[in-house]
Amino acid sequence: MPELPEVEVSRMGISPHVIDQTVKQIIIRNPRLRWPIPEAIKAIEGQVIRGVTRRAKYLLLETDVGNAVVHLGMSGSLRVLPVGTPVEKHDHVDLVLTSGEVLRYNDPRRFGAWLWEEKGVTHPVLEKMGPEPLSDDFNVEYLHEKAQGKRTAIKQFIMDNHVVVGVGNIYANESLFAAGIHPKRAAGKISLARMTKLVAEIKSVLAFAIKQGGTTLKDFKNADGKPGYFAQELQVYGKAGKPCPKCGKALSEAKIGQRATVFCSDCQK
């Protein structure tokens, strides 16, 4: 499943090819995604794409009349191809551009989304979200205050989009390991000093993943593969039973909030 770094790399990959381009046509081959693609999205035809931004794991294709709100779901990908490139199975949406290229959305599991947000209106899926983890608004003062009195496990707490957006399961595991914090520890029981370390590690882990993905930007113009998905250098995620990179003890695994959680019972307290 694409998490924040994959979505950010997708934004970086498509931006040079779609910004300042006019949308000649939107072709919807299958409107049945996670939510039905609304008819209102046809308003994007004839509009110039002014920018591509990201909010949590949503991409916004910005125009003067509104924004297309795109989510990659569990298996979605975007690529930029020449107009006339043969359509493959699961190619559900095309944005045909005046440049002679097409922004094509492929999604085998159809759990992604293409929505429309009118100018000056925030789409309901983007409301009541916490700050972006790489922004200045996400800081230790904010997180420590938000955690006061909370008995929720810290891993579930930092994965809550109302607290901070985009810290998915992989990066929650990695950040907590790097910070030396046990994933089951109650959020409200973590000291200011340890929370300072956690905020720094969340930012560092995500920034490093985005940097890794940046090496794959050329993939967005290839017809093969899944652009935006990239190999990652992970310390603990998916490595239960293997030696801890810090102390050598076998890594433990547990389910927290129904999500696989890997940690070191010696290094994380």
Side-chain angles (χ1 to χ4, degrees), residues 2 4-73 76-85 87 91-107 110-138 161 165-166 210 213-214 217 219-221 227-228:
L4 184 149
E6 287 83 359
V7 179
E8 178 64 15
V9 169
S10 294
R11 186 196 68 77
M12 293 160 58
I14 67 172
S15 290
H17 307 290
V18 303
I19 291 175
D20 294 332
Q21 297 298 324
T22 300
V23 179
K24 286 178 65 175
Q25 184 184 13
I26 181 168
I27 299 171
I28 301 169
R29 298 186 185 86
N30 189 344
R32 299 186 304 278
L33 301 180
R34 182 177 184 181
W35 301 288
I37 300 177
E39 278 292 318
I41 204 167
K42 292 287 183 71
I44 200 169
E45 293 184 338
Q47 296 298 316
V48 176
I49 297 176
R50 302 294 185 188
V52 183
T53 58
R54 180 188 53 74
R55 184 71 174 106
K57 296 202 292 184
Y58 290 89
L59 291 174
L60 280 69
L61 307 178
E62 301 177 334
T63 77
D64 292 337
V65 297
N67 307 323
V69 180
V70 180
H71 195 287
L72 300 178
S77 60
L78 293 163
R79 58 169 57 86
V80 180
L81 302 168
V83 168
T85 299
V87 174
D91 285 345
H92 302 311
V93 181
D94 279 0
L95 277 190
V96 183
L97 307 172
T98 48
S99 61
E101 293 184 317
V102 57
L103 179 65
R104 180 162 290 172
Y105 176 75
N106 178 284
D107 188 357
R110 289 194 289 115
F111 208 66
W114 277 69
L115 305 169
W116 182 251
E117 176 182 80
E118 297 287 346
K119 184 78 170 178
V121 176
T122 300
H123 195 284
V125 298
L126 301 176
E127 292 179 337
K128 298 178 181 176
M129 285 185 170
E132 290 285 334
L134 295 174
S135 72
D136 291 341
D137 291 335
F138 180 63
N161 269 343
V165 299
I210 291 167
L217 293 182
D219 294 344
F220 286 86
K221 295 206 74 173

Please step through side chain to side chain contact (heavy atoms under 4.5 Å, CB included) for the pair Lys57 and Leu72, ending with a clear verdict. CA-CA 8 Å; Lys57 296 202 292 184; Leu72 300 178; over 6 Å; no

Looking at [atom1] of [X] and [atom2] of [Y], how far apart are the two atoms once the value is rounded to the nearest 0.5 Å?
{"X": "Asn161", "Y": "Arg55", "atom1": "CG", "atom2": "CZ", "result": "8.5 Å"}
{"X": "Leu81", "Y": "His17", "atom1": "CG", "atom2": "NE2", "result": "10.5 Å"}
{"X": "Ile26", "Y": "Ile37", "atom1": "CD1", "atom2": "CD1", "result": "6.5 Å"}
{"X": "Glu62", "Y": "Ile44", "atom1": "CD", "atom2": "CD1", "result": "11.0 Å"}
{"X": "Arg104", "Y": "Phe220", "atom1": "CZ", "atom2": "CZ", "result": "15.5 Å"}
{"X": "Gln25", "Y": "Leu97", "atom1": "CD", "atom2": "CG", "result": "11.5 Å"}

Please answer whether the main-chain N or O of [Y] pairs with a side-chain N or O of [X] as donor and acceptor at a distance below 3.5 Å.
{"X": "His92", "Y": "Arg110", "result": "no"}
{"X": "Arg79", "Y": "Pro227", "result": "no"}
{"X": "Glu132", "Y": "Ala56", "result": "yes"}
{"X": "Asp137", "Y": "Pro131", "result": "no"}

If you define the side chain from C-beta out and look only at heavy atoms, does anything of [X] sit under 4.5 Å from [Y]?
{"X": "Met129", "Y": "Tyr58", "answer": "yes"}
{"X": "Ile27", "Y": "Val102", "answer": "no"}
{"X": "Ser77", "Y": "Asp107", "answer": "no"}
{"X": "Gln21", "Y": "Glu101", "answer": "no"}
{"X": "Val70", "Y": "Val93", "answer": "no"}
{"X": "Gln47", "Y": "Val23", "answer": "no"}

Inspect the surroundings of CD in Glu39 and state if more than 12 heavy atoms from other residues, nucleotides or ligands are less than 6.0 Å away.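 No, because the 6.0 Å sphere around CD of Glu39 holds 12 heavy atoms or fewer from other groups.
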
Apply the test side chain to side chain contact (heavy atoms under 4.5 Å, CB included) to residues Val87 and Arg29: give CA-CA distance (whole Å), side-chain angles for both, the deciding distance (0.1 Å), then the verdict. CA-CA 10 Å; Val87 174; Arg29 298 186 185 86; 3.2 Å; yes

Geometric class of the Trp114/Tyr105 ring pair [parallel <30°, tilted 30-60°, perpendicular >60°]: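 Judged by the thresholds at 30° and 60°, the geometry between Tyr105 and Trp114 is perpendicular.
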
Show the nearest heavy-atom pair for residues [X] and [Y], with the distance to one decimal.
{"X": "Val7", "Y": "Pro2", "result": "CG2-CB, 4.5 Å"}
{"X": "Gly166", "Y": "Leu4", "result": "O-CB, 3.4 Å"}
{"X": "Ile49", "Y": "Leu95", "result": "CD1-CD1, 4.3 Å"}
{"X": "Gly213", "Y": "Val9", "result": "O-CG1, 3.5 Å"}
{"X": "Leu217", "Y": "Met12", "result": "CD2-CB, 4.0 Å"}
{"X": "Trp35", "Y": "Ala113", "result": "CE3-CB, 3.6 Å"}

Positive for side-chain hydrogen bond (donor to acceptor under 3.5 Å, both in side chains) with Arg50, one of Asp64, Thr63, Asn67: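 In the set Asp64, Thr63, Asn67, the residue that makes a side-chain hydrogen bond (donor to acceptor under 3.5 Å, both in side chains) with Arg50 is Asp64.
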
Side chain to side chain contact (heavy atoms under 4.5 Å, CB included) assessment of Trp116 paired with Val65: CA-CA 10 Å; Trp116 182 251; Val65 297; 3.9 Å; yes

